[in-house]
Amino acid sequence: MALLASGGSIDVKDRAFNFSPGPAALPTKVLAEARDELLDFRGTGVSVMEMSHRSREFMDMAEAAEADLRTLLNMPREYRVLFLQGGATMQFSAVPLNLLGGKTKADYVHTGHWSAKAIKEARNFCAVHVAASGEASGFNHIPPLSEWRVREDAAYLHICGNETIGGVQFHDYPDLGISLAADLSSDFLSRPLDVRRFGLIYAGAQKNFGPAGLTLVIVREDLLGQAAPTTPTPVNYEVQLGADSMSNTPPTFAWYMAGLVFKWLLRQGGLEAMAACNEAKATRLYEAIDNSNFYHSSVALADRSLMNIPFTLSEPRLDGAFLEGAEARGLLNLKGHRSVGGMRASLYNAVPKEAVVALVEYMAEFERKRA
Ligand SMILES: *Cc1c(COP(=O)(O)O)cnc(C)c1O
């Protein structure tokens, strides 16, 4: 595997193809930009990691990052953006703390690993009702809306938009007249998104738009101001908004990197262009899986994720050989999550088409040569 030489020009061919589920691939161009200004951030003589978050230079960068994000999503003014820490996992608690507003009930849809985690944490704060669950069929689909039982007096309805481990994804979002709160950690900015469908969106950066350490929260204004009094300050949305997400030291480097990714996304043509590219990549891999008798996907066709594609080999004893051969070709991080086994290819924005072409070629060759 050819690794990046220090200095010199960088081509996509110089780097491994990284199918990591997260922390995941970042655009090579973005990494090169960060490298180029690592020692001297925009003429300040220090790196962006070494300066006050309240300095003019950092504040300018932070404002531009939010403006670019708003442009990408065509975000209505009544939605506010927070740049927080703690990961999506911290939001599992922050959501009920901020949104219950004195109510005692919240409804959750259970579609796999991450929605289960959200449900478990929410139970510390309120009476959770599982409005629908994919458990009976091994979480291989999104339960159809006709099966959902949502309580009218629930403070909000929570979904996980893309189950990173199971590989099921919402391709449309329900409108049930109740505030929808969504964990979009693993498909945020992978396609256009109508923010108006949601009361609240959160997403950890390390899947699709930055390094670990930053979590974005987008919240509709009218949901603010009702946080439980015990809400820790760093995750109190209203307090953080009043402080421009700087009630304490924010994750400055991750914020900066996300800002570079937002600019990169705009240069690619925005989220519509990303969606077209992501769909082409996923289609190519699903076709390779479906057209073979050796590879298998157990996810229902209509709910298949375009971001995370789990698949199995018909002979699991060959898993190790498959992964070794892949690694030898610079196709990295294809091992499935330990809870499901098999393989998983994560095809986030920064994974180029060439990576999928190389993977599909390798898969065909492995199938031919096996045994
Ligand atoms: C990765 C992931 C999480 C957890 O993110 P952390 O940053 O580790 O807290 C939660 N939800 C989804 C959908 C994820 O993909």
Side-chain angles (χ1 to χ4, degrees), residues 18-25 86-93 95 108-124 128 130-143 158-171 182-188 190 202-208 212 215 282 285-286 289-290 294-327 331-348 351 359 363:
N18 182 6
F19 299 95
S20 173
T89 302
M90 181 63 88
Q91 292 306 312
F92 295 162
S93 299
V95 169
Y108 280 66
V109 176
H110 186 191
T111 48
H113 180 97
W114 289 114
S115 43
K117 296 248 174 180
I119 289 166
K120 180 165 180 281
E121 292 285 302
R123 288 205 158 115
N124 291 329
V128 170
V130 176
S133 171
E135 190 163 14
S137 52
F139 300 112
N140 76 342
H141 73 300
I142 304 284
H158 182 279
I159 62 167
C160 174
N162 182 64
E163 286 283 358
T164 319
I165 293 173
V168 295
Q169 182 179 24
F170 281 82
H171 294 297
D183 175 2
L184 299 188
S185 290
S186 50
D187 64 352
F188 188 61
S190 69
Y202 60 94
Q206 76 271 24
K207 310 292 165 59
N208 209 24
T215 313
L285 180 51
Y286 280 121
I289 293 167
D290 293 341
F294 183 67
Y295 301 104
H296 179 69
S297 156
S298 60
V299 178
L301 279 179
D303 304 321
R304 284 174 164 185
S305 171
L306 302 183
M307 291 282 100
N308 309 99
I309 302 184
F311 62 95
T312 52
L313 315 190
S314 64
E315 295 168 62
R317 66 181 176 87
L318 296 178
D319 283 2
F322 180 90
L323 288 166
E324 249 173 58
E327 204 164 305
L331 305 170
L332 305 188
N333 300 314
L334 286 163
K335 193 170 166 37
H337 190 265
R338 59 188 182 277
S339 65
V340 292
M343 308 299 149
R344 170 177 46 171
S346 296
L347 308 182
Y348 300 119
V351 176
L359 173 59
M363 286 168 67

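Judged by distance alone, with hydrogens and angles left aside, the side-chain atoms of D303 form no donor-acceptor pair with the main-chain N or O of V168 at under 3.5 Å. Checked by atom type and distance alone, the side chain of T215 pairs as donor or acceptor with a backbone atom of G87 at under 3.5 Å. With hydrogens and angles ignored, the 3.5 Å screen pairs a side-chain donor or acceptor of S186 with a backbone N or O of N162. Of the possible donor and acceptor atoms, one in the side chain of Q169 sits under 3.5 Å from a partner among the backbone N and O of L306. Although no hydrogens or angles enter the test, the distance criterion places no donor-acceptor pair under 3.5 Å between the side chain of T312 and the main chain of G342.
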Query raised in the report: Stepwise, does the side-chain contact (heavy atoms from CB on, under 4.5 Å) test hold for V340 with F139?
Result: CA-CA 11 Å; V340 292; F139 300 112; over 6 Å; no
Requested in this report: Give the intermediate values and the outcome of side-chain contact (heavy atoms from CB on, under 4.5 Å) for residues I142 and I159.
Outcome: CA-CA 10 Å; I142 304 284; I159 62 167; over 6 Å; no
**Report entry** Chi angles and distances behind the salt bridge (Lys or Arg N to Asp or Glu O under 4.0 Å) call for R304, D290
**Finding:** CA-CA 12 Å; R304 284 174 164 185; D290 293 341; 2.9 Å; yes
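Residue F294 holds its CZ atom at 8.0 Å from CZ of F322, rounded to the nearest 0.5 Å. Note that CD of E327 and CG of N333 are 8.0 Å apart. Values are rounded to the nearest 0.5 Å. The NZ atom of K335 sits 7.5 Å away from atom CG of D319, with the distance rounded to the nearest 0.5 Å. Interatomic distance, NE2 of H158 versus OH of Y202, reported as 2.5 Å (0.5 Å rounding). For the atom pair CE of M343 and CD1 of I309, the computed distance is 14.5 Å after rounding to the nearest 0.5 Å. Atom CG in N124 sits 6.5 Å away from atom OG in S93 (nearest 0.5 Å).
Across every non-hydrogen atom of T111 and P143, the tightest pair is CG2-CD, 3.9 Å. When every heavy atom of A122 is checked against every heavy atom of Y108, the shortest pair comes out as CB-OH, 3.2 Å. The heavy-atom pair separating A25 from V351 by the smallest distance is CB-CG2, 4.1 Å. Minimum interatomic distance between S185 and A88 (heavy atoms only, all atoms of both residues): OG-CB, 3.3 Å. Of all non-hydrogen atoms in A302 and H171, the two that sit nearest each other are O-CD2, 3.2 Å. Across all non-hydrogen atoms, the minimal contact from H110 to A116 is NE2-CB, 3.4 Å.
Contact of the N308 side chain with the R344 side chain is registered, since non-hydrogen atoms from C-beta on lie closer than 4.5 Å. Side-chain contact check for C160 versus F170: every heavy-atom pair is 4.5 Å or farther apart. Counting only heavy atoms from C-beta outward, the side chains of F311 and M363 approach each other to under 4.5 Å. L347 is listed as a side-chain neighbour of F19, based on a closest heavy-atom distance under 4.5 Å. The side-chain heavy atoms of Y348 and N208, taken from C-beta on, include a pair separated by under 4.5 Å. A 4.5 Å side-chain heavy-atom check between F92 and W114 finds at least one atom pair inside the cut-off. Side chains of H337 and T164 form no contact here, defined as non-hydrogen atoms less than 4.5 Å apart. Looking only at side-chain heavy atoms (C-beta outward), I165 and S339 come within less than 4.5 Å of each other.
Judged by distance alone, the side chains of S115 and E163 do bring a donor and an acceptor atom under 3.5 Å apart. A side-chain donor from one of N140 and S137 sits under 3.5 Å from a side-chain acceptor of the other.
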